[in-house]
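One structure below.
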Amino acid sequence: MGFVRLSIVDLETGMQPFFSEDQQKVLICNGEIYNYRELKRELIEKGHLFCSKNDCEVILHLYEDAEDTFVQLLEGMFAFILVDKQKGIAIIARDRTGMKPLFFYDHKEFFCCSSEMKGLIPMIREMPGLNVKAIMDAFTFGYPQGGTTVYSGIYHVPPAEIITLNLHDYGLHRQEYWQPNFIPKGEKSLKRSGDHGQALNLAISRAVHSHTQADVPISSYLSGGIDSTIITTLLANDSRSQLLDPIAFSIKFPDSVYDESPIFERTVRDLGLKSQVTAIDRVSADDFIAGVRVTEQPQFTSMDVPMQKLAGLVRDNCRKVILAGEGSDELFGGYVSFVLNQVRRALAIPLVESFRPILLKKAIEYFLGRGELVNKLIEIYLEPAEDVQKRFGTFPAWYPWWVLDHLTSRSLFKTDDYDPLGEDGYFFHLASRFRKSYDPLSEYDKSLYLEIKTRLPYYILSRADRNSMASSVEVRMPFLDNHVIDSALSIPEIDKMFAFREKYILRKSMQKVLPKHVLNRKKFGYSTPISWIWDNQSEVSRELLSAESLIKTDIFNVNKVLQIAKLVTEKKLPEYSFEYIQSTRHLTGILGVQALAYAV
């Protein structure tokens with residue numbers, strides 16, 4: 001058992017591993033336990049002796065006190081390994097939503113796990129091959145599905161799961177300890193909309209305060225959106241703010257299409273906050289390759305590189321802890337895909353059937369503008385939903401985007417015998433596993449359930465952790481506090497999205513907190529120019545996309561990839577056309593896969 005510590009709570013005596021009083025139980029834990037003070041008081045009253053003031057040590061004594069329920073008592077983000085030498089077992093667990101990463105490799109002769117796949121590969125006797133199905137999933141969904149990774153045999157420990165490993169025969173027992181507990185469809189909430197808003201405001205405010213526990217200063221990321229603005233404003237107004245000495249860290253882009261600086265600069269002035277801004281005007285192919293090797297996952301844009309540079313700015317300012325707004329969109333349906341899915345359902349009633357195509361077209365164009373992409377999305381939204389409904393138990397909010405990416409990427413692969421959206425796909429099996437739990441829910445909440453169990457841990461949170469920890473910076477996410485999650489799940493669908501306004505209840509609950517220039521602002525998704533990487537190629541990127549390298553990887557249709565590379569790099573496609581956007585995204589994804597293939 002090995003541990004590299006980023007000292008945040010109990011700088012002097014919090015070194016790991018932790019041992020029980022009888023030295024028979026050993027713990028290493030990556031993360032933060034926000035309710036450790038209350039738990040520790042109770043455990044001391046029961047006679048437990050602590051050797052540190054660290055938050056994670058409480059896990060060891062909780063296990064001694066309540067073996068069957070101790071993980072459920074934890075409020076925080078964590079990935080831990082606890083070895084009970086007396087019982088000959090190791091207990092491996094992650095937090096509810098997977099804020100802290102953990103991977104494992106299970107071989108008949110040995111078992112190993114690590115916070116990064118880089119930590120596993122030196123222990124694996126044979127270099128792992130590439131998982132072609134997981135890579136094909138990534139080109140459809142944006143990330144590998146079902147806890148798989150690009151490397152065969154290496155998997156995520158699923159969020160909200162406890163793995164018990166028998167140290168004698170390496171047998172595994174797996175148990176899911178938490179599932180999202182939404183209100184069943186048709187069941188009326190006992191609270192009114194205003195009551196839900198007050199409860200949510202209180203939960204988020206308490207979460208921000210609890211997430212400031214540290215023996216080092218606390219700061220925040222700030223964009224022009226409502227999520228980071230809520231967190232930053234609550235942090236600035238916290239009773240401990242002078243002690244915490246917060247700084248708002250932001251990214252500025254030269255192009256107004258991507259830049260939010262006029263919004264967040266006004267927020268900083270209104271709050272009287274200190275701020276630091278990193279200006280990003282390019283991302284080279286070498287930057288992207290290095291960034292992919294940080295995230296250890298195929299990426300289809302250059303978005304991670306600015307986030308990694310922002311974390312570097314935090315480190316350069318001698319800060320270790322950042323509060324961020326991740327998780328809000330997944331709890332409340334903050335993406336345009338959720339809005340359009342609601343529109344699709346609303347227009348499915350017989351009363352408007354004859355007007356459905358024109359109304360749906362107007363709605364999609366309102367949110368996404370006009371163009372070939374929008375026309376293709378309209379076609380998918382207008383198709384009968386029965387088959388999708390039957391396959392997944394719902395029409396997932398992102399389904400039209402998945403279809404487009406699948407149709408435009410499948411010719412890139414040597415094999416065409418795996419359908420990521422079919423019944424042999426990882427996602428189908430995930431949906432089948434969760435279906436019993438989400439069957440009683442509304443269609444809107446079914447999509448949120450899948451979002452919380454798939455895209456949130458394996459894409460959003462995976463990138464958030466990696467991009468920050470590469471610079472030894474810990475990102476904490478108050479929206480994913482246990483109490484905030486429970487509050488969000490108890491809110492009826494109509495309050496989450498009222499009149500097709502995303503995150504309606506969040507805006508309403510925080511209307512006295514959010515400045516007006518942010519409160520009513522339309523969602524502005526974080527993105528970067530898709531041309532950056534290909535305007536700044538390198539010898540390494542050209543080599544990774546050469547015929548020789550592609551043949552060695554033995555995944556992609558070499559002629560097809562070379563054809564697309566020629567179109568993109570020689571600028572032979574109309575800029576921002578549908579073909580240009582998809583070709584550039586897919587070529588970026590291929591470069592990422594090649595970089596990961598040659599990393600081992």
Side-chain angles (χ1 to χ4, degrees), residues 1 3 16-20 24-36 39 43 55-107 110-117 119-120 146-149 153-181 429-430 433-434 436-437 449 452-454 456-458 461-462 465 480-482 485-486 489:
M1 298 171 72
F3 188 84
Q16 298 191 36
F18 294 116
F19 290 86
S20 60
Q24 293 302 301
K25 301 170 190 70
V26 192
L27 171 79
I28 54 174
C29 176
N30 175 26
E32 301 293 339
I33 309 302
Y34 301 121
N35 64 333
Y36 84 98
L39 294 172
L43 289 163
D55 55 305
C56 291
E57 188 186 359
V58 75
I59 298 171
L60 199 61
H61 299 281
L62 268 183
Y63 169 72
E64 293 181 306
D65 196 64
E67 288 183 13
D68 296 331
T69 59
F70 77 110
V71 179
Q72 290 92 318
L73 298 173
L74 300 173
E75 296 175 14
M77 57 179 187
F78 54 82
F80 70 76
I81 303 165
L82 192 160
V83 173
D84 186 330
K85 293 193 281 183
Q86 286 178 321
K87 291 190 173 183
I89 59 173
I91 298 168
I92 301 151
R94 285 179 76 195
D95 59 72
R96 283 181 171 190
T97 55
M99 287 179 274
K100 301 307 292 183
L102 196 58
F103 299 90
F104 72 92
Y105 181 85
D106 184 20
H107 188 275
F110 67 95
F111 178 97
C112 52
C113 51
S114 173
S115 294
E116 295 189 353
M117 288 188 274
L120 295 177
T148 61
T149 70
I154 297 180
Y155 298 90
H156 293 264
V157 173
E161 185 161 305
I162 301 169
I163 296 178
T164 302
L165 172 70
N166 187 309
L167 297 177
H168 302 297
D169 61 11
Y170 300 126
L172 295 180
H173 173 73
R174 303 175 70 160
Q175 173 194 352
E176 187 177 38
Y177 67 83
W178 177 83
Q179 291 182 350
N181 187 25
H429 292 292
L430 268 181
R433 176 183 155 201
F434 298 137
K436 185 177 179 181
S437 298
Y449 189 108
I452 291 168
K453 282 294 192 178
T454 57
L456 177 62
Y458 298 125
L461 299 182
S462 175
D465 181 86
L480 296 177
D481 176 84
N482 287 11
I485 292 174
D486 293 342
L489 298 185

Fill in the blank from the handout: When every non-hydrogen atom of S437 is compared with those of Q179, the smallest separation belongs to OG-OE1, 2.6 Å
Completion exercise
The reported gap from OG in S114 to CG in N30 (rounded to nearest 0.5 angstrom) is 10.0 Å
Problem - L39 vs L74 side-chain heavy atoms within contact, under 4.5 Å - result: yes
Practice task
Examine distances only and state if a side-chain atom of Q86 and a backbone atom of Q24 form a donor-acceptor pair shorter than 3.5 Å.
Solution key: no
Exercise for the section: Would you check if V26 and M1 make a side-chain contact, meaning some heavy-atom pair closer than 4.5 Å? Expected result: yes
Problem - Nearest non-hydrogen partners of I28 and P17, listed with the distance - result: CG2-CB, 3.7 Å
Handout entry: Minimum heavy-atom distance Y105-L120, with the two atoms named
Key = N-CD1, 4.2 Å
Problem - From CD1 (I163) to OH (Y155), nearest 0.5 Å - result: 12.0 Å
Handout entry: Pairwise side-chain contact, Q16 with C29, heavy-atom cut-off 4.5 Å (strictly under)
Key = yes
Practice task
Could you check if a side-chain atom of V83 sits within less than 4.5 angstrom of a side-chain atom of L167, using non-hydrogen atoms only?
Solution key: yes
Problem - Verdict with reasoning, Y34 to N482, per side-chain contact (heavy atoms from CB on, under 4.5 Å) - result: CA-CA 10 Å; Y34 301 121; N482 287 11; over 6 Å; no
Practice task
Quick one: closest heavy-atom pair of A79 and L102, and the distance?
Solution key: CB-CB, 4.1 Å
Handout entry: Rounded distance (nearest 0.5 Å) linking atom CZ of F18 with atom CZ of F80
Key = 13.5 Å
Handout entry: Test side-chain contact (heavy atoms from CB on, under 4.5 Å) applied to D106 and L165, step by step
Key = CA-CA 10 Å; D106 184 20; L165 172 70; 5.7 Å; no
Problem - Distance in Å, L489 CG paired with N181 CG, rounded so as to fall on 0.5 Å steps - result: 7.0 Å
Completion exercise
Distance col, row L480:CG vs M99:CE, nearest 0.5 angstrom, shows 5.0 Å
Exercise for the section: Mind telling me whether F104 and F111 have parallel, tilted or perpendicular rings, with 30° and 60° as the class edges? Expected result: parallel
Problem - Within 6.0 angstrom of N166 CG, more than 12 heavy atoms from elsewhere - result: yes
Problem - Candidate pair I59 and F70, rule side-chain contact (heavy atoms from CB on, under 4.5 Å), full reasoning - result: CA-CA 7 Å; I59 298 171; F70 77 110; 3.9 Å; yes
Problem - Atom of A93, atom of I162 and distance for their closest heavy-atom approach - result: CB-CG1, 4.1 Å
Practice task
Please list all pairs passing the side-chain hydrogen bond (donor to acceptor under 3.5 Å, both in side chains) test where one or both residues lie in residues 87-99, with sequence neighbours left out.
Solution key: E67-K87, R96-D486
Handout entry: Side-chain heavy atoms of Y36 within contact of E57, under 4.5 Å
Key = no
Practice task
Output the distance between atom CG (D84) and atom CG (L60), rounded to the nearest 0.5 Å.
Solution key: 9.5 Å
Exercise for the section: With the side chain counted from C-beta on, respond yes when P457 and H156 share a heavy-atom pair under 4.5 Å apart, and no when they do not. Expected result: no
Practice task
Could I get the full list of salt bridge (charged side-chain N to carboxylate O under 4.0 Å, His left out) partners for E32, not counting sequence neighbours?
Solution key: R476
Problem - Over all atoms of both residues, closest heavy-atom pair of Y177 and E161 - result: CE2-N, 3.5 Å
Exercise for the section: Applying side-chain contact (heavy atoms from CB on, under 4.5 Å), run through K453 and L430 and close with a yes or a no. Expected result: CA-CA 9 Å; K453 282 294 192 178; L430 268 181; over 6 Å; no
